[in-house]
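Both counts, for ligands and for their atoms, begin at 1 and track the order of listing. Worth saying up front: this structure is predicted, and the values here are computed from it rather than measured.
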Amino acid sequence: MTQTAKNTDSDQPQHSFGADVSRLLNIVANALYTNHDVFLRELISNASDACDRLRYAAIQQPDLVEDNNNFRIHIYKNTDKRTLTIVDNGIGMDKAELMDNLGTIAKSGTAKLMEQMKDAKDPLKLIGQFGVGFYASYMVASHVTVASKKADSNEAWVWSSDGASGYDIREASNDDLDMLDGARGTVIILDIKDEGSEFLIDEKIRQTVEEYSDHIDFKIFNNTPEETDKGEGKPLNKASAIWTRNKSDITKEQYEEFYRHITHGMDEPLLTSHWKAEGVIEFSSLLFIPTLRPWDLYDPSRQNMVKLYVRRVFISDKLDGLMYPWLRFVRGVIDSQDLPLNISRETLQYNPIIAKIRTAVTKRVLSDLDKLSRDDYPGFITFWGQFGAAIKEGLYDADAHREDIFKICRFYSTHEDGEKFTSLDQYIERMQDDQNEIYYISGENVASLKNSPQLEGFRSRGLEVLFFTDTIDDFWLQNAQQYKGKTFKSVTHGNVKIDHSEETDEKPTSDQTSLIEKLRSVLEDDVSDIRISKRLTDSPVCLVAPEDGVDMNMERVLKIHQKYAGGSKPVLEINATHPLIIKVGDIDAGADFDDAALMLLDQARVIQGLPVKDPGSFTKRLTKFMEKGL
Ligand code: ADP
Ligand code: MG
């Protein structure tokens, strides 16, 4: 008390800040923030917390809110005085709380931050992982006055500081009490610096509230409490966080309205998933899968679209680590209970809590989709058509979720001749007893793949082959080689052993051996090997990739994406029982045989979607053979 009296007229504040607070204020003042808006977000969040806490306390002690149980927040400017005032009728602070909460660093998050900053090389980077809350006011204010009256107290106190070395505290005057919204709560008056002048414009206040605090579930007004009581002014926000409500209280229409609000879209959500995680980490999640693919789904930025809230306060709608890029089409809100209200979006993505949320949400989305495939198959197929290719990117870079992704993957297959989708589990169910591989053929579209000569032997033996037609298929296959212990095997790659019965490799006859020798002498520059095919039944020839090379289509795709420079020569397989091959075998070595050999190679190339080797010579040969034939 004596101290208070002594210092009243001096420039020195009564109380010094703790060393940690001084240091923190120093950092805040030195332009830590690039984005000034965050101070308002912090103050609204504190006001909303104060309302939350009183609301909770009033459950036990209803008389705390006897005078007014209508919680609300007011933000208004005074241009003449250059002040911005934030008023809440929440729980308020008593003298000790004002001193503890605003004069020292009591809260766990910031305390932890200061702890770590002691020996950090780059404190500015580090601070981004934590929030600085109330102290953010000093980004825009040269002086801050906090008048507060605790809900169950008769006293009111005023804390004030220029954010330099310390603060003053005094009992509230009648003028201070007049500024409160009723009989309790907190008033924060900011003396706005030049840097913060935009916050003396109502439009800026309104925009900032709309952007960051729309879903704070207390009404926020842009006028004084008296004006509101006279019925002037409408709340700036909707004052209702839909995701915090019970599922059973929300109609389909309300979900859809919220979906359209966040997507600015016209479509309806194909899937709405609303749930709460409770346990090691706590968060609410309200996510939607759109019906239609956005036009920029394949934009290289692969930007996440889910909004992150922390305790109903909007944090970011482009936090990279929150969702996997392959779930970038998912829209909605995740609201964490555990994260500090954060200031730097740059470091937030590396926060371990974010990683845990990502894992939990990913599992949930994948299991929701799996469920959709059982409950609403047509809906699921719509989804797969729009977003399947994006989801499959996850096979490449999210090992932990690979099994769950595979579970929802659908492919066309020879089983329905490419008319209907199959799952990998259905494929495995249909596999032959001793079959250990999941056969696939990859290429640009099902229609042309269906005619691939390489499929013939599989078809005739009743072996199912999947059609992989998305570019991404050739990429994930490099990382994800198995599903449920079955290896993916391309029918255009290497040797295949498709007679699963006791197979003895038949030796080629001497005629066949000599044909292969003759072909080899003509084609040795173009192919790495020539052999009798087990794949072919109807076509005379086909190309396959050598055992140690990259699969045919994968090579083509990699080349397009400039990820692959080398080229391995393909293997030419011939159908020894085909009449054409038998006839070619009868031609003696010489010009005619050479032409026939080159025509066979070109034929194999054409069906593979490759250009003929030399169009001029090809056309001459074709003309010659047609003349003879006609
Ligand atoms: P945090 O909100 O993360 O705890 P802040 O720096 O934002 O950190 O606030 C510090 C503390 O000050 C809060 O925890 C709260 O106890 C108190 N406080 C701040 N603003 C208010 C308010 N408007 N009403 C009641 N208490 C408040
Ligand atoms: Mg706070």
What part of Asp88, side chain, backbone, both or neither, has a heavy atom within less than 4.0 angstrom of ligand 1? side chain
Is there a nitrogen or oxygen of Tyr135 sitting under 3.5 Å from a nitrogen or oxygen of ligand 1? no
Any luck finding a side-chain donor-acceptor pair between Arg184 and Ser148 under 3.5 Å? no
Would you check if the Mg ion (ligand 2) lies under 2.8 Å from any N, O or S atom of Ser45? no
Assess the residue pair Arg328 and Asp320 against the criterion (salt bridge (Lys or Arg N to Asp or Glu O under 4.0 Å)); give the C-alpha distance rounded to whole Å, side-chain angles, the decisive distance to 0.1 Å, and a yes or no. CA-CA 10 Å; Arg328 60 190 173 277; Asp320 271 342; over 6 Å; no
Would you verify whether the NZ or CZ of Arg293 falls within 45 degrees of the ring axis of Phe329 while also being under 6.0 Å from that six-membered ring's centre? no
Judging by distance only, is a nitrogen or oxygen of Ala50 under 3.5 angstrom from one on ligand 1? no
Students often mix this up, so state it plainly: with edges at 30° and 60°, are the rings of Phe17 and Tyr167 parallel, tilted or perpendicular? tilted
Holding to side-chain contact (heavy atoms from CB on, under 4.5 Å), I want the full list of residues that pass it with Thr79, two or more places apart in sequence or in another chain. Lys77
Of all pairs that satisfy side chain to side chain donor-acceptor pair (under 3.5 Å), the ones with a partner from residues 277-291, not counting sequence neighbours: Trp275-Ser285
May I ask which of Met93, Lys150, Arg53 has a heavy atom nearer to atom 27 (C) of ligand 1 than the others do? Met93
Among Ile44, Thr186, Asn101, which one has a heavy atom closest to atom 17 (C) of ligand 1? Asn101
Of the backbone atoms (N, CA, C, O) and the side-chain heavy atoms from C-beta on, which set of Arg311 has a member under 4.0 Å from an atom of ligand 1: side chain, backbone, both, or neither? neither
